[in-house]
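Starting from 1, each residue takes its place in the sequence as its number.
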Amino acid sequence: MPTRFTIEPLVIPEAPGAAGWSDFEAANAVRNVCEAAAYGTDDLALRAEERLPMWINTEFEPRHGLIARMDDAVVGRAVVDTLADPASKHAWLEVLVRPEARGLGIGAVLADAIEQLAHDDGRSTFIVYAASPDAPGPRLDAPTGFGSVPLENTEVRFLLARGYRLEQLNRGSRLALPADPEALSRLEADTAAHAASDYDAVTWIGSTPAQFRADMAHLHTRMSTDAPTAGLEEPEDVWTVERIDAEDATRASADLVPVTAAAVHRVSGALVAFSTTFVSPDSARAITQDDTLVLREHRGHRLGTLVKLANLRAVEVAFPGRPSIITFNAEENRPMLDVNEAMGFVPIGYEGAWRRDA
C-alpha cells in the first residue's frame, strides 16, 4: 500500500505554546535534524523560539511554509522566501525531509507545492541552497570553477531532475573557541600595517546605534549586490533605517544578541565594512556568523580582517566560553576565505546554490 502523507500550510503561532506551536516546533526540528545529518555537527541547530520572530515579523522579508505530515508526525517542511518588492521575480526555496522519511515521494510533493506557491505569487526565478555531503564517485563542477558536488547525491539528482542548474558552491566553516591568540596577533599586526592610517574599527553589542543606522542600511543593501553570487544573479535587496530598526527588534525578541564590528573611513566618516555575529544566551551554543562585507571601493586594505578580528575580540570578552563560530562563504570568495583560514576556521561541509527559471 502506498505511504500516505498530507501537505499542509505551516501555521505560525502567535507565541511559544500558542495554537500551532507543536507543528512549528516539529518543523524546526526537521531543519535541525537535516542540517546535523548534512554537516555532521549540531552547531547549526536553532531553537524554535529563536525562529518564531522571523516568521511573525515578515514585513520586509515575506515568508511562507508548508509541512508534510505522516502518521500524525511532521516529517518534512518547505519554505519560500521572497523580497517585499512585488515586482521582484526571485524566490528562495527550501525543501527538507527527515532522513527516516526519505524515498517515499514526500520531497517531490513538497517541492511541487512550494514552487506553485512561489509561482502564484508572481515569482519565476527559483534559488535553492542545498547541503551536499561529500561522497565518492563522479562530481558536478560549479561553473565558477570553484568546487563541486557529488553527482550521485540524492539532493543533486533531485534538483537536476527538476530542472535546476548548479551555479555556485558555499563552504561552511567552524572556528573553535578560544581562537589561537598567536594567529590573531599576527593578523592584527598585518591589518594595522595596511589600514591603520585610513580606517578605524568600532564595535557595538545589541541594537544599531542611531548614528550608524543609515550607514548600516546602505551596507546591507550593498551586501545584496557586492557579495559574489555567480550565475544566481540575486537582485538588489534595499534596506532602510526602518528595516534596520525592525531587524534589531526581531533579533531582540528572538533572544539573540547581535555583535557588530564596522570600519569607519576617517576621511568621509562613513562605515565602509561590517561583520555581525549572533550569540545565544546559552553558553553551550555555537555563535552564528552572519553577514560580512567590505564595499568594493574600499577593498584591498585588510578591512575584512579588521572587522572580523574586532568582532571576535568583542565576542570573546562579552561572551566567554562559547564553543565555536559557524560561517558560510562562497567558495570563489578567496579573499574572505583567506581571512577565515588565517583565523583558524576549518571546513565542515558544502552547499550547492542552484537556480531554475520557471
Give the table of side-chain donor-acceptor pairs shorter than 3.5 Å for residues 99-108, with sequence neighbours excluded, one pair per line with atom names and distance.
from: E100; atom 1: OE2; to: R98; atom 2: NE; distance (Å): 2.7
from: R102; atom 1: NE; to: V97; atom 2: O; distance (Å): 2.7
from: R102; atom 1: NH2; to: V97; atom 2: O; distance (Å): 3.0

Taking distance alone, no hydrogens or angles, what donor-acceptor pairs closer than 3.5 Å link side-chain atoms of residues 59-68 to residues at least two apart or in another chain?
from: R63; atom 1: NE; to: D81; atom 2: OD1; distance (Å): 2.5
from: R63; atom 1: NH1; to: M54; atom 2: O; distance (Å): 2.6
from: R63; atom 1: NH2; to: D81; atom 2: OD1; distance (Å): 3.1

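Atom-to-atom distance recorded for N28:CG and L10:CG is 10.0 Å, nearest 0.5 angstrom. Rounded to the nearest 0.5 Å, atoms OG1 (T203) and CG (L312) are 12.0 Å apart.
The shortest heavy-atom contact between V259 and A314 is CG1-CB, 3.9 Å. Of all the heavy atoms in A142 and L169, the pair that sits closest is CB-CD2, 3.9 Å. Across all their heavy atoms, I56 and P13 have their closest contact at CD1-O, 3.8 Å. Closest approach of L93 to A118, counting heavy atoms only: CD2-CB, 4.2 Å.
Note on residues 7-20: pairs passing side-chain hydrogen bond (donor to acceptor under 3.5 Å, both in side chains), not counting sequence neighbours, are T6-E8, E8-R69. Applying the side-chain hydrogen bond (donor to acceptor under 3.5 Å, both in side chains) test to pairs two or more places apart or on separate chains, those with a residue in residues 211-220 are R213-D245.
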Practice item. Mind running salt bridge (Lys or Arg N to Asp or Glu O under 4.0 Å) on D121 and K89 for me, showing each step along the way? Key: CA-CA 9 Å; D121 196 36; K89 297 301 181 183; over 6 Å; no
Practice item. Give the C-alpha distance, both sets of side-chain angles, the deciding distance and a yes or no for ring-ring contact (aromatic ring centres under 6.0 Å, His included) between F126 and H90. Key: CA-CA 6 Å; F126 300 161; H90 283 68; 9.9 Å; no
Review point. Please walk me through it: do V128 and Y164 pass side chain to side chain contact (heavy atoms under 4.5 Å, CB included)?
Key: CA-CA 9 Å; V128 172; Y164 287 83; 3.7 Å; yes
Exercise for review: For side chain to side chain contact (heavy atoms under 4.5 Å, CB included), just list the numbers for E234 and S224, CA-CA rounded to whole Å, side-chain angles, deciding distance to a tenth of an Å, and then say yes or no.
Suggested key: CA-CA 7 Å; E234 293 185 309; S224 67; over 6 Å; no
Exercise for review: For the pair Q289 and S275, evaluate side-chain hydrogen bond (donor to acceptor under 3.5 Å, both in side chains) and give the outcome as yes or no after the intermediate values.
Suggested key: CA-CA 8 Å; Q289 174 80 62; S275 184; 2.8 Å; yes
Exercise for review: Give the intermediate values and the outcome of side chain to side chain contact (heavy atoms under 4.5 Å, CB included) for residues S132 and E155.
Suggested key: CA-CA 7 Å; S132 281; E155 76 285 345; 2.6 Å; yes
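Under 3.5 Å, the side chains of R139 and S148 contain a donor-acceptor pair of N or O atoms. Side-chain polar atoms of Q116 and D120 form a donor-acceptor pair below 3.5 angstrom. A donor and an acceptor atom, one from each side chain of T327 and S173, are nowhere located under 3.5 Å apart. Side-chain atoms of Q168 and W354 include no donor-acceptor pair closer than 3.5 Å.
Of the listed residues (N329, T305, N333), just one forms a side-chain hydrogen bond (donor to acceptor under 3.5 Å, both in side chains) with N340, and that residue is N329. For the pairing with Y199, the side-chain hydrogen bond (donor to acceptor under 3.5 Å, both in side chains) check across H265, H194, H298, R302 returns one residue only, H298.
With respect to E167 and R356, no salt bridge is recorded, no charged nitrogen being found less than 4.0 Å from a carboxylate O. At a threshold of 4.0 Å, the pair R322-E316 does not count as salt-bridged, since none of the basic side-chain nitrogens sits closer than that to a carboxylate oxygen. A salt bridge does not link R222 with D291: every distance from a Lys NZ or Arg NE/NH1/NH2 to an Asp or Glu carboxylate oxygen is 4.0 Å or more. One finds a salt bridge joining R31 and E35 here, because a Lys/Arg side-chain nitrogen approaches an Asp/Glu carboxylate oxygen to under 4.0 Å. Residues E351 and R171 are not paired through a salt bridge, judged by the lack of any N-O separation under 4.0 Å between the basic side chain and the carboxylate.
Around atom CD of E297, more than 12 heavy atoms belonging to other residues, nucleotides or ligands sit under 6.0 Å away.
A donor-acceptor contact shorter than 3.5 Å is absent between the side chain of D248 and the backbone of G206. Formation of a donor-acceptor pair under 3.5 Å by the R299 side chain with backbone atoms of V294 is found in this model. Checking side-chain atoms of R157 against main-chain N and O of E152 turns up a donor-acceptor pair under 3.5 Å. When atom types are taken as modelled, the side chain of E50 and the backbone of R47 share a donor-acceptor pair closer than 3.5 angstrom.
Classified by interplanar angle (parallel below 30°, tilted 30° to 60°, perpendicular above 60°), the ring pair F24/W55 is perpendicular. In this structure, F328 and Y39 have perpendicular ring planes: the angle between them is above 60°, well past the 30° mark.
By the side-chain hydrogen bond (donor to acceptor under 3.5 Å, both in side chains) test, D198 pairs with no residue at all, sequence neighbours left out. Here D338 pairs with R334 under the side-chain hydrogen bond (donor to acceptor under 3.5 Å, both in side chains) rule; sequence neighbours left out.
Cluster annotation: M343 is connected to L177 through the hydrophobic network of ILVMFWY side chains, with a link wherever side-chain heavy atoms come within less than 4.5 Å.
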